[in-house]
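Just so you know, ligand 1 is whichever comes first in the structure, and atom 1 is the first atom listed for that ligand.
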Amino acid sequence: MDVKQNGFMTKVLHAGHHPDQETGSRAVPIYQTTSYMFRDSNHAADLFALKEPGYIYTRIMNPTTEVLEKRLAALHNGCGSLAVASGMAAIFYAVTNIAGVGQNIVSGSNLYGGTHTLFSHTLKRFGIEVRFVDSSDPGNFARSTDQNTRLLFTESVGNPRCNIDDLEAMARVAHDHGLPLVVDNTSTPPPLFNPFDWGADILVYSLTKMVGGHGTCIGGAIVEKGGFPWESHGRYPEMTGPDSSYHDLNMWEAMGCDKKGKQECPIFTLKARTGLLRDTGAALSPMNSFLILQGLETLPLRAAVHAENALKVAEHLEKHPLVSWVNYAGLPSHPDHERARRMFPRGCGAVFGFRIKGGLEAARKFVESVRLCSHLANILDARTLVIHPAGTTHQQLSPEEQAAAGVSQDMIRISVGLEDIEDILADLDQALEKTQ
Ligand SMILES: *Cc1c(COP(=O)(O)O)cnc(C)c1O
């Protein structure tokens, strides 16, 4: 069966897995093992030299995790994927796979709080400069790019500003400069949105959120489109040159990526696996891969309800007398609404901000007053979640950085879940009453 021909729902249930000959297990088995028997000494040596594909040690590869990786690649029509222990690990690996001391990346400034901290503090200690730009104008990326720039970075839908930028124009800027565009697509996984269709080259995910979908485990992934011209201008020797940590093996040539017409060459994820993951070890546990696969099986069904409920909640809040402002791109009042309609016909996710009349005190009172909604730091669990970003997720940012991220003292971020819409609305209403 070639899943490439199948529809999306079939792919989430089948891609990347065939029942094994020995047991016929229909569900993906949890291979809760650290290591794998070698057939003989030659087999062992060949695996270590990457002359033969196969499992050695679960830090680098595991059969359960591999199904998840293949399924993620198939769902995006990508050529490869690497699953790791968290979304943050995926972002760190995606950047450091091609950026190092003395080099820089250009990123939109409106980022998930953890990514912002990684970019503005931790990457600095590794000698990587991050140039933050206002992503609403793709020209800003071009103006901040120089010969030491390695990649452009942005998020599909900003959280909590819910901004939707012109990804196509951003990809053009990246490609004009010979750079890959890396997109964090955590809040809008397919079938809501596939950034590869809009020019992105590499995706990063927190699988913790809508993909896993049930708030049970932390995980992350890199997904690779394939076909990026890493070889042009000899600009990315870490992709196309000899690898000193493998006796100068040239993986680009060994995989035949240098052959004319070869498009599907998962060199980026292979390098991240055999380099960064091998050496720094943020491996996803097989149990978590299994749980995330369980979530993935119903992703299309859940994504549709998340988006449908989110629009209803946004419309309700916009009409509410105690709410001063709602920032959901699915509403005509949002500045990016037209782009949202064009790029996100199935809905632009389920995370957005709104402001309560009464300022900081009202916002604090609101999160303490919800009963059905959960006051916690996560998004895109099956349950509805609320948080006060200025006091929590964006606390480490300066007031200017908070403003750039669209966070104000009176703002609540909501992640709309799958409960009955009447129950969600009733809970929001009673909590809003209590703020006054
Ligand atoms: C949660 C999140 C991350 C980080 O993922 P973890 O799995 O928590 O490490 C990165 N980007 C976005 C957009 C997120 O929402």
Side-chain angles (χ1 to χ4, degrees), residues 65 68 72 81-96 105 107-123 130 132 135 153-165 167 182-190 192-193 195 200 202-223 276-277 280-285 288-289 291-292 295-296 303 306 310 329 344 348-353 374 376-382 385-387 389 392-397 405-407 413-417:
T65 304
L68 173 62
L72 285 171
S81 171
L82 177 73
V84 292
S86 67
M88 291 317 304
I91 296 169
F92 183 70
Y93 284 179
V95 171
T96 53
I105 71 169
S107 171
S109 57
N110 185 32
L111 296 169
Y112 170 71
T115 309
H116 202 283
T117 319
L118 167 69
F119 282 7
S120 51
H121 299 282
T122 304
L123 285 185
V130 180
F132 293 103
S135 54
F153 187 96
T154 194
E155 293 180 1
S156 59
V157 176
N159 156 14
R161 229 171 73 192
C162 214
N163 56 299
I164 292 170
D165 300 323
L167 216 58
V182 181
V183 176
D184 183 337
N185 196 40
T186 296
S187 342
T188 51
L192 293 181
F193 189 61
I202 306 288
L203 308 182
V204 288
Y205 275 101
S206 169
L207 302 175
T208 314
K209 313 294 169 54
M210 200 192 287
V211 174
H214 297 80
T216 55
C217 53
I218 306 282
I222 299 174
V223 188
L276 289 164
L277 183 61
T280 69
L284 186 59
S285 87
N288 283 358
S289 299
L291 289 169
I292 293 164
L296 208 47
H306 272 295
F344 295 79
C348 44
V351 180
F352 61 89
S374 307
L376 55 75
N378 191 16
I379 55 169
L380 300 170
D381 186 315
L385 318 173
V386 295
I387 198 165
T392 55
T393 53
H394 290 64
Q395 183 195 86
Q396 259 72 269
L397 274 59
V407 169
R413 180 186 74 192
I414 187 165
S415 168
V416 181

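Ring pair F153/F119 is perpendicular by interplanar angle, where above 60° counts as perpendicular and below 30° as parallel.
Rounded to the nearest 0.5 angstrom, I387 CD1 and N378 CG are separated by 9.0 Å.
The two atoms that bring V84 and A221 nearest to each other are CG2-N, 4.3 Å, heavy atoms only.
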Only pairs under 3.5 Å count here: list side-chain donor-acceptor contacts from residues 204-214, not counting sequence neighbours, and write none if there are none.
unit_1 : atom_1 : unit_2 : atom_2 : d
Y205   : OH     : H76    : NE2    : 2.6
Y205   : OH     : N185   : ND2    : 2.7
S206   : OG     : T208   : N      : 3.4
S206   : OG     : T208   : OG1    : 3.1
T208   : OG1    : G219   : N      : 3.1
T208   : OG1    : G219   : O      : 3.2
H214   : ND1    : G212   : O      : 2.9

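When the side-chain hydrogen bond (donor to acceptor under 3.5 Å, both in side chains) test is applied to N288, no partner is found at least two apart in sequence or on another chain. For S289, the side-chain hydrogen bond (donor to acceptor under 3.5 Å, both in side chains) test picks out T65, with sequence neighbours left out.
Taking a heavy-atom cut-off of under 4.0 Å, ligand 1 is surrounded by S86, G87, M88, I91, Y112, D184, T186, S206, T208, K209, I218, G219, I379.
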